[in-house]
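So that the names make sense, note that chain A is the first sequence line, chain B the second, and so on, each numbered from 1.
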Number of protein chains: 2
Amino acid sequence: MKALSERQQQILSFIEEFIEEHDYPPTVRDIQSGCGISSTSVVSYNLDRLKDSGALSRDSEVSRGLKLAGQKSGTAAPVGIDTVAVPLLGTIAAGSPFPMPENDTWSDLTGQELIDLPQAIVGLGDNLYALKVRGESMIDALISDGDLVIMEQASSVRNGQMAAVRIKSDNTTTLKHFYAEGPRTRLEPANSQMEAMTFNSSDVEVISRVIAVWRYMG
Amino acid sequence: MKALSERQQQILSFIEEFIEEHDYPPTVRDIQSGCGISSTSVVSYNLDRLKDSGALSRDSEVSRGLKLAGQKSGTAAPVGIDTVAVPLLGTIAAGSPFPMPENDTWSDLTGQELIDLPQAIVGLGDNLYALKVRGESMIDALISDGDLVIMEQASSVRNGQMAAVRIKSDNTTTLKHFYAEGPRTRLEPANSQMEAMTFNSSDVEVISRVIAVWRYMG
DNA sequence: ATAATTTCCGAACATTAGTGCGGATGCAAT
DNA sequence: ATTGCATCCGCACTAATGTTCGGAAATTAT
């Protein structure tokens with residue numbers, strides 16, 4: 001195996017830096033100017049050498065068809081833990097209309113702020129989204145201003161779970177522990193020092209299940 | 001925010017797959033044939049839309065100058081978010097001796113349960129550790145049984161921050177908001193409905209600063 | 001229905017970008 | 001020196017690639 005010339009190493013590391021910066025490989029002319037070479041053919045020539053030596057692979061006749069040899073194939077995760085991207089859909093405040101992804105736009109979350117959470121602590125639940133809590137209206141559920149609540153879409157929950165529920169007659173929305181008791185539904189705050197309230201089950205609409213709460217005060 | 005059309009989503013996922021396979025972005029014509037579009041201008045048009053919506057960024061006039069928005073910069077590490085491994089040192093309960101890593105064993109965390117948290121939401125703080133809360137003794141700090149508190153070693157904190165403090169005379173340890181007021185130190189729970197308490201500053205020892213709280217009820 | 005908007009088409013056009021080729025230049029072996 | 005080989009130059013050429021524009025078609029709003 002022939003050793004790489006200085007120029008070849010220079011080109012190689014330029015390619016590396018370029019990809020690092022742009023997320024796509026350089027053109028022959030990018031390399032030319034980047035390495036202070038006076039002719040594209042020189043680049044072409046050395047690229048062939050590098051290909052021969054196996055330092056990089058190349059889709060010929062294709063612009064930017066370069067791939068560093070040492071590079072991981074594909075984008076499959078080489079390191080890093082499994083994460084779930086959770087869209088931050090908005091804020092939640094007492095009584096405000098509760099933000100919630102509509103079915104048809106569920107897959108259309110582009111542009112939304114995404115929060116990466118480790119799968120290990122979120123679980124692999126689907127249909128997750130996050131809301132930022134504004135105000136102290138959830139204080140009785142041990143949730144305060146600035147907290148991030150991770151929610152999962154659900155139309156029903158098991159007794160005892162915390163959920164975002166809407167009292168139709170009040171048109172208010174809060175987070176409470178949910179207990180269905182036949183025709184009546186009892187909602188009790190997480191703080192046991194607070195009083196529970198009971199409503200007609202038909203007056204209570206479950207919107208989402210609360211998966212987790214994240215409070216950061218760094 | 002305008003929703004993405006079907007075609008735009010189609011293009012978006014094609015780009016994603018293409019990069020996955022080639023390690024460099026597709027050309028307009030790659031997208032054209034890949035998505036069964038009859039004109040390059042349609043691709044160009046939708047690429048502009050996608051750029052407007054922020055779904056991808058684009059180096060215009062540059063071949064293959066595409067970059068997916070969600071993508072981490074730098075292809076070297078294709079995916080995987082930065083995470084910080086936080087050791088779960090034990091549990092905290094009212095009055096119990098507060099677990100805390102000793103300096104000489106700090107680096108010896110082998111066998112400890114580690115919790116990976118995204119750096120983005122934890123910050124890059126060093127000397128972090130986690131404790132699981134047992135019992136409802138922290139209820140007045142909006143922290144309940146089963147919660148995970150992320151802490152940072154600290155011997156002092158700024159006023160208003162939440163910290164694990166030990167009342168020497170009581171030999172109790174709790175989480176409270178901390179306010180140094182000269183010779184006296186006021187500790188007040190996060191729940192404003194609760195009363196604050198004041199102690200001689202010399203009787204209060206700061207153990208750790210609370211960085212974050214994680215409550216999971218999946 | 002009618003108008004407005006969005007999306008698509010086709011076909012040119014203008015760069016950008018990869019390749020080829022004759023001829024230097026530099027260096028080492030003969 | 002002369003030869004051989006690896007590099008490098010310039011330049012031209014062709015293919016690849018992004019852009020533009022008038023108008024049609026589809027969709028949505030009025």
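In this structure, A/Ile11 places its CD1 atom 13 Å from P of C/dG18, rounding to the nearest Å. The CD1-P distance, from A/Ile37 to D/dC9, rounds to 7 Å in whole Å. Atom CD of A/Gln32 is separated from atom C1' of C/dG18 by 12 Å (rounded to the nearest Å). Rounded to an integer number of Å, the gap from B/Arg49 CZ to C/dT6 C1' is 8 Å. Atom CD1 of A/Ile15 and atom C1' of C/dG18 are 14 Å apart (whole Å). In this structure, A/Ile31 atom CD1 and C/dA17 atom C1' are separated by 11 Å, rounded to whole Å.
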request  = Under 3.5 Å for both distances, Watson-Crick or G-U wobble, that's the pair rule; now give the dot-bracket for DNA chain C, with | marking pairs to another strand and [ ] for crossing ones.
outcome  = ||||||||||||||||||||||||||||||
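Between A/His177 and A/Tyr179, the ring planes lie tilted relative to each other; the angle falls in the 30° to 60° range. Relative ring orientation between B/His22 and B/Tyr24 is described as tilted, the plane-to-plane angle lying within the 30° to 60° band.
Residue A/Asn46 places none of its side-chain N or O atoms closer than 4.0 Å to OP1 or OP2 of D/dA6.
Taking each heavy atom of B/Val210 and B/Ala164 in turn, the nearest pair found is CG2-N, 4.4 Å. Heavy-atom minimum distance, A/Thr185 versus A/Ser201: OG1-OG, 2.8 Å.
For the pair A/Arg64 (side chain) and B/Ser63 (backbone), a donor-acceptor distance under 3.5 Å is present. With hydrogens and angles ignored, the 3.5 Å screen pairs no side-chain donor or acceptor of B/Arg215 with any backbone N or O of B/Asp147. A donor-acceptor pair under 3.5 Å is formed between the side chain of A/Gln10 and the backbone N or O of A/Cys35.
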note = Quick tally for nucleotides 12-20 of chain D: nucleotides whose base has a protein heavy atom under 4.0 Å get B, sugar-phosphate-only ones S, the rest -, giving ----SBBBB
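Note that CD of B/Glu16 and CG of B/Leu56 are 11.0 Å apart. Values are rounded to the nearest 0.5 Å.
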